[in-house]
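Beneath this line is the structure, given in C-alpha cells, with notes to follow.
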Amino acid sequence: MGQAAGPEQGLTPLTNLELADLLEEIGDLLELKGDEGFRVRAYRRAARVVRGLGEPVQRVAEEGRLRSLPGVGPALAAKIQEMLTTGTSQYLEKLREEIPPGLREVMLVPGVGPRTAALLHSELGVADLESLEAAARAGRLRSVPRLGLRREEAILEGVARVRARGGLVPLAVARPLALELAAMLARRSEVVRVEVAGSVRRWCETVEAVVLVAAGPDPARIVEAFGALPGFREPPERSAGRARGRWGAGVPVELEATLPEAFGVALVRLTGSEAHWRRLEERAQGRGMRLGPAGLCVDGRQVPCDGEDELYRLLGLPPIPPELRENGHEVEEAAAGRLPRLLEPSDIRGDLHVHTDWSDGTASLEEMAIAARSRGYEYLAITDHSRSLAFARGLDVARLRGQAEAVAALNHKLAPFRVLAGIEVDILADGSLDLPDAALAELDFVIASVHSRMRQDRVTMTARLLRAIASPHVDVIGHLTGRLIGEREPCELDHEAVLEACAASGTALEINASPHRLDVDRCLARQARDRGVTLTLGTDAHDRVSLEDMAFGVGTARRARLGPGEVLNTLSADELLACRKG
DNA sequence: GCCGTTTTCGGCCCGACTGTTTTCAGTCG
C-alpha cells in the first residue's frame, strides 16, 4: 500500500498484460527487422511468461526475483526493470524509430508474415494497413519479387477482413480492461458503487465498447475523476453524467455516472441488450409505469431503484441474468417463471483441458495441479499435445507413458485431489488419431482436436471429424471449429452431421473457455444441448493464470442456457470416469 | 535472447503447404 507511483509522478505501474505487450512488440519489431529467430522467440517467450504470471511482475521486480522467471536472463531482466520504472525501454524506442510500428498490423493480414511485410516496406514503402491497401489496389504488389497476382488478390481480401473486425474489441481484451477500470474507479472517494455493464457483462465474444456505470452523490465529480484517469490517449468527451474516450491502444470506453438511487435503472439500460431494454419499457408501460433513461416513473413520481433486482421486482419480474438478456423473449419467460436454471461457476468441479511444460505449457504438472486445487477444484485433466504437433513438443507414446507415471505419483501426493491422465490428441488430416488406440485406451480422458489443415473443404473436414468422433477412445472433441476470435474464421463443417454423430456415439463437445476461442460458441452449444450432446468446459490453459479463463466458458455456457446437468465437469471425478464411452 | 547431468559455447524449432518458381522462401499451426 502507498508504494505505487502516484499521480505526482504521472506514471501508473504497468500491469503484467501491458508489460507483456511491450515485450511482444519488441519481438515483432525485431522480426520485421530480420533479426535471427532465437532472439525474437526469447522476447515472445518472456511476454508469455509475464502474461501467465500468477502475481504482479511489479512485485517480482521489487523483490529482485526477475531472473528467477523462466526465460528471463540478464538482458531481459534489465529491460523489464526499465519498463517498470519508465513505462518503456530505450531499446524499444529505438526499434520504433527504425521500423514503422504500423507494419505490425500489416502482419495481421493472412499470408503476410515478417519477411513479406519487410519486403513490402523496402520495395513499396508500405508502412501500415492503409498504404498496403493503396499499393494493392494500384496493382503494385504483383511486381514485387515472390509476389504475384494471386497473392495480391489474397492480400487485398485479407486487408478487408482485418478492417472488418477492426471496430470490434474481443472480449479477451475488453473484459480485463473493464475490470481494471472498475477497480480504479472503485478506489475513488467520489464513487460509492461501480459496475461493468454493456456487452462485456453479457459475455458477448466481441464488444463495441467497454461500458461502466458508477454511482455517487455527485455524478459530475465522478465523470471528472474518470476523465483524469491515466491511460486515455486524449481527454475523453464529457457531457452531463457521461464520458467516452479511447483507452490505451484505442479501445472505446464509456462511463455513465448516476445518483445512487438511479443506479439500478442505469445498470439495466447500459447492460442491454437494446431489445431487452425495449421489452422492459413496454412492460412498464403495460403496467401503467414509465421506464426511460431518467428512471422509473409511477404516477408521475420517480421511484428510487438502487439495484437491478429492485427494477425487475417493480416490473413484476424475477432478476434476469445478464447472459439471457438478448432478444427480449426472456422477459416473457421470466414473467411466466420459466427462466432456466443456469450453470454457476461454483458448479464446475474441475478443468478438463490444460497443458503443462511437458508440451507447450509454461508450468509443471504439479504447479498446474496445485493451482487447480487452490481454485477449489476436485480434479484436473492433463491434456498435453500429441506427437505430430512437433512445434509444441507434442508427446509420443513413450513420453505419454512417462507423464502418466508422473501423474500417478502426483495423485499419491495430492490426494484426495485427482489428476486425470489425459491427452489432446491431434486429429490428422484423414481423421485418424495421432496416437495408437492402445496408448489412448490407458488414459483417463481423451480430447481430440484439429490443429492443422484447417482449410479443408466442408465434406472432407466433416468426414475427418466423424471418423474421430467414432473412435471409442475419444471422450471429447476440442475446439470444434478452430476459430480464433477476430483472427481466424471457423472451419467449414456440417454441424448437423457432427452433432448427430456426437449424440449417437456419446462423444462430448468442448466449450473451449479460452477467450480467444470460445469454441463451440453459444449457438452451437445450444444446438448441441438440444440434440442431447453433452458439453465439457476446458480452459486450454498453458499457464496457471489462464485457469481463470473458466469464467469465460461459464459465461458462454450460460448464454447457451446450459444448466449443470448438461456439463460434464459438474460431475465428480468418479462419476466422470464412469460415464466414459465403451 | 536464454540455458546448462551436453555448463560459458553451441544448441534452441519441426513439417507441410502455397504460390512462386524452375529449386524454394515464407507462412502457419
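Only heavy atoms go into these numbers, but all of them, side chains included; no hydrogens, no water, no symmetry mates. In what follows, chains are A, B, ... by sequence order, proteins preceding strands, each numbered from 1.
- Regarding A/Asp360, its CG atom lies at a distance of 15 Å from the P atom of B/dC14, rounded to whole Å.
- The listed nucleotides are B/dC14, B/dT20, B/dC17; the one nearest the side chain of A/Arg151 is B/dT20.
- Between the side chains of A/Thr85 and A/Glu82, no donor N or O sits under 3.5 Å from an acceptor N or O.
- When rounded to the nearest whole Å, the span between CG of A/Leu120 and C1' of B/dG26 equals 12 Å.
- Between the CZ atom of A/Arg67 and the P atom of B/dC3 there is a distance of 7 Å, given to the nearest Å.
- Backbone-only engagement by A/Leu149 is indicated by non-hydrogen atom pairs under 4.0 Å involving sugar-phosphate atoms exclusively.
- For the pair A/Lys79 NZ and B/dC2 P, the computed distance is 8 Å after rounding to whole Å.
- If you check B/dG26, B/dC28, B/dC2 against the side chain of A/Thr116, the one that comes closest is B/dG26.
- Here the nucleotide nearest the side chain of A/Arg146, chosen from B/dC24, B/dG1, B/dT27, is B/dC24.
- For the P atoms, the distance linking B/dC28 with B/dT20 amounts to 15 Å, nearest Å.
- No contact: A/Leu389 has no heavy atom under 4.0 Å from any strand.
- Checked by atom type, the side-chain pair A/Glu510/A/His479 shows no donor-acceptor distance below 3.5 Å.
- Checked against ring pair (Phe, Tyr, Trp, His ring centres under 6.0 Å), A/Tyr379 has no partners two or more places apart in sequence or in another chain.
- Within 4.0 Å of A/Arg387, counting heavy atoms only, lies no atom of the nucleic acid at all.
- In this structure, A/Leu29 places its CG atom 13 Å from P of B/dG1, rounding to the nearest Å.
- Checked against side chain to side chain donor-acceptor pair (under 3.5 Å), A/Ser359 has the following partners two or more places apart in sequence or in another chain: A/Asp384.
- Counting heavy atoms from C-beta outward, A/Val425 and A/Val446 have side chains that approach closer than 4.5 Å.
- Note: CG (A/Asp396) to P (B/dG15) measures 14 Å, nearest angstrom.
- For the OP1/OP2 pair of B/dC17 and a distance below 4.0 Å, the side-chain nitrogens and oxygens of A/Arg453 include at least one atom meeting the criterion.
- The distance between atom CZ of A/Phe391 and atom C1' of B/dC14, rounded to the nearest whole Å, is 9 Å.
- When each of A/Ala390 and A/Pro114 is assigned the nucleotide of DNA chain B bearing its nearest heavy atom, the one mapping closer to the 5' terminus is A/Ala390.
- Looking at heavy-atom distances under 4.0 Å, A/Val40 makes no contact with the nucleic acid at all.
- Rounded to an integer number of Å, the gap from A/Glu152 CD to B/dT20 C1' is 14 Å.
- The aromatic rings of A/His542 and A/His385 sit tilted, their planes meeting at an angle between 30° and 60°.
- By the stacking rule of 5.5 Å between ring centres and under 30° between planes, A/Phe38 stacks on the base of B/dC12.
- Comparing the C1' positions of B/dT8 and B/dC2 gives an interatomic distance of 12 Å, to the nearest angstrom.
- For B/dT21 and B/dT27, the P atoms lie 15 Å apart once the distance is rounded to whole Å.
- A distance of about 16 Å separates the C1' atoms of B/dT23 and B/dC17, rounded to the whole Å.
- The nucleotide whose nearest atom lies closest to any side-chain atom of A/Pro74 is, among B/dG19, B/dC2, B/dG1, B/dC2.
- Both A/Ala77 and A/Gly37 lie near DNA chain B, and the one whose nearest nucleotide falls closer to the 5' end is A/Ala77.
- Spacing of C1' atoms, B/dG11 relative to B/dT6, comes out at 9 Å, to the nearest Å.
- Look at B/dA16: its Watson-Crick or wobble partner, with both distances under 3.5 angstrom, is B/dT27.
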